[in-house]
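Data first, discussion second: the structure below is written as structure tokens.
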Amino acid sequence: MQQLKTLAAELLQLLFPNLCNACGQPLVKSEQLICLTCRFDLPYTDFHLYADNPVAKQLWGRMTFEHATAMLYFKKGGRVQQLLHGMKYKGKQELGVLLGELLADTILQSNTPWNVDLILPVPLHKKRERLRGYNQSLCIAQGLATGLKCPVYKNVLVKRSATSSQTKKGRFSRYENLKSAFSIVNNAEIKGKHILLVDDVITTGATIETCASALNLAGIATLSIAAIAYTK
Ligand SMILES: [Zn+2]
């Protein structure tokens, strides 16, 4: 019976191969979600290795933080876009978790330990989360939590207002648009803590900035920031 099951699984894999979520090539049996070639060969930023990296520079002067990193360079039409697309729009929550685990690995290789107390995902508005069925940043946070061995709090930082599409606005109007969009439900949970704020992509940093001001008002001790991808 077991042999038959294995055979059936192999036949299915032959007819409908699982594809790499980054490059689209068929995965071999031992590979999961991302092929080995892509795992080694994705456009890693190595931002975790230096404090004055482009993400940190982007955020300097706009908030106080300890560490900031993004693991991969985002390029339009590239493999990282494929990964993010799969995670956000194709329901592949497990891909978010895997990317979170890979992100944790890079953070653990930093020159100075991050020592965060807890992880907060950048929230989606309830309506959007209901439509998508999940928040991709929470999936990433869950992968990070496994790697960094610290908890995720998912209902502390919440998004109040549904913001309109961000893509066509300049930095200032984006900030205006986001201002007061985020709030904290239970200050006591995060007061005096070192918070790791997690998002999928960092572009202008406007989302991170507005979350950071809500977190600072709530009395957190330290803020660090991590994302899967960085786009200039
Ligand atoms: Zn691949």
Side-chain angles (χ1 to χ4, degrees), residues 5-50 53-55 58 67-110 114 119 121-122 124 128-129 131-149 152 167 196-203 207-208 225-232:
K5 268 189 187 162
T6 315
L7 193 71
E10 279 176 9
L11 200 66
L12 264 175
Q13 168 67 12
L14 210 66
L15 292 170
F16 308 103
N18 286 319
L19 303 178
C20 169
N21 284 280
C23 70
Q25 293 295 310
L27 293 172
V28 301
K29 219 167 154 190
S30 58
E31 295 172 335
Q32 285 200 337
L33 299 166
I34 305 174
C35 76
L36 264 186
T37 311
C38 284
R39 281 201 198 208
F40 283 112
D41 196 36
L42 281 169
Y44 291 100
T45 61
D46 286 337
F47 287 172
H48 61 286
L49 297 178
Y50 51 110
N53 67 61
V55 169
Q58 172 101 292
H67 306 279
T69 191
M71 179 171 67
L72 300 164
Y73 286 109
F74 177 97
K75 217 175 77 191
K76 236 178 153 56
R79 287 179 293 174
V80 176
Q81 185 177 28
Q82 286 302 316
L83 285 173
L84 295 178
H85 190 83
M87 176 177 75
K88 274 171 95 158
Y89 305 112
K90 291 189 187 165
K92 299 199 172 167
Q93 298 178 58
E94 70 281 14
L95 183 58
V97 176
L98 172 65
L99 289 169
E101 288 170 1
L102 296 177
L103 180 57
D105 287 344
T106 67
I107 287 173
L108 291 171
Q109 288 161 23
S110 299
W114 283 34
I119 304 172
V122 168
L124 290 178
R128 183 169 295 179
E129 186 165 343
L131 273 175
R132 186 170 296 168
Y134 59 97
N135 172 6
Q136 72 279 1
S137 294
L138 175 60
C139 303
I140 301 165
Q142 283 161 343
L144 269 170
T146 309
L148 300 180
K149 296 184 175 55
V152 178
T167 42
L196 176 57
L197 182 62
V198 181
D199 207 353
D200 51 357
V201 190
I202 293 181
T203 308
T207 305
I208 298 291
I225 296 129
I228 297 301
Y230 170 67
T231 169
K232 279 167 269 182

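We count ligands from 1, going down the list as the structure has it; atoms in each ligand are counted the same way. We number each residue from 1, following the sequence as shown.
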Verify side-chain contact (heavy atoms from CB on, under 4.5 Å) between Gln136 and Tyr134, making sure each step is shown before the conclusion.
CA-CA 6 Å; Gln136 72 279 1; Tyr134 59 97; 4.3 Å; yes
Between [X] and [Y], is there a donor-acceptor pair closer than 3.5 Å when you use the side chain of the first and the backbone of the second?
| X | Y | answer |
| --- | --- | --- |
| Asp200 | Gly96 | no |
| Glu101 | Gly143 | no |
| Arg79 | Cys38 | no |

For the residue pair Tyr230 and Phe47, is the inter-centroid distance of their aromatic rings smaller than 6.0 Å?
yes
Give me the protein N, O or S atoms that fall under 2.8 Å of the Zn ion (ligand 1), sorted by chain and residue number.
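Within the sphere that stays under 2.8 Å of the Zn ion (ligand 1), the protein atoms of type N, O or S are Cys20 SG, Cys23 SG, Cys35 SG, Cys38 SG.
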Restricting to non-hydrogen atoms, name the atom on Val152 and the atom on Ala145 that form the minimum distance, rounded to 0.1 Å.
CG2-CB, 3.4 Å
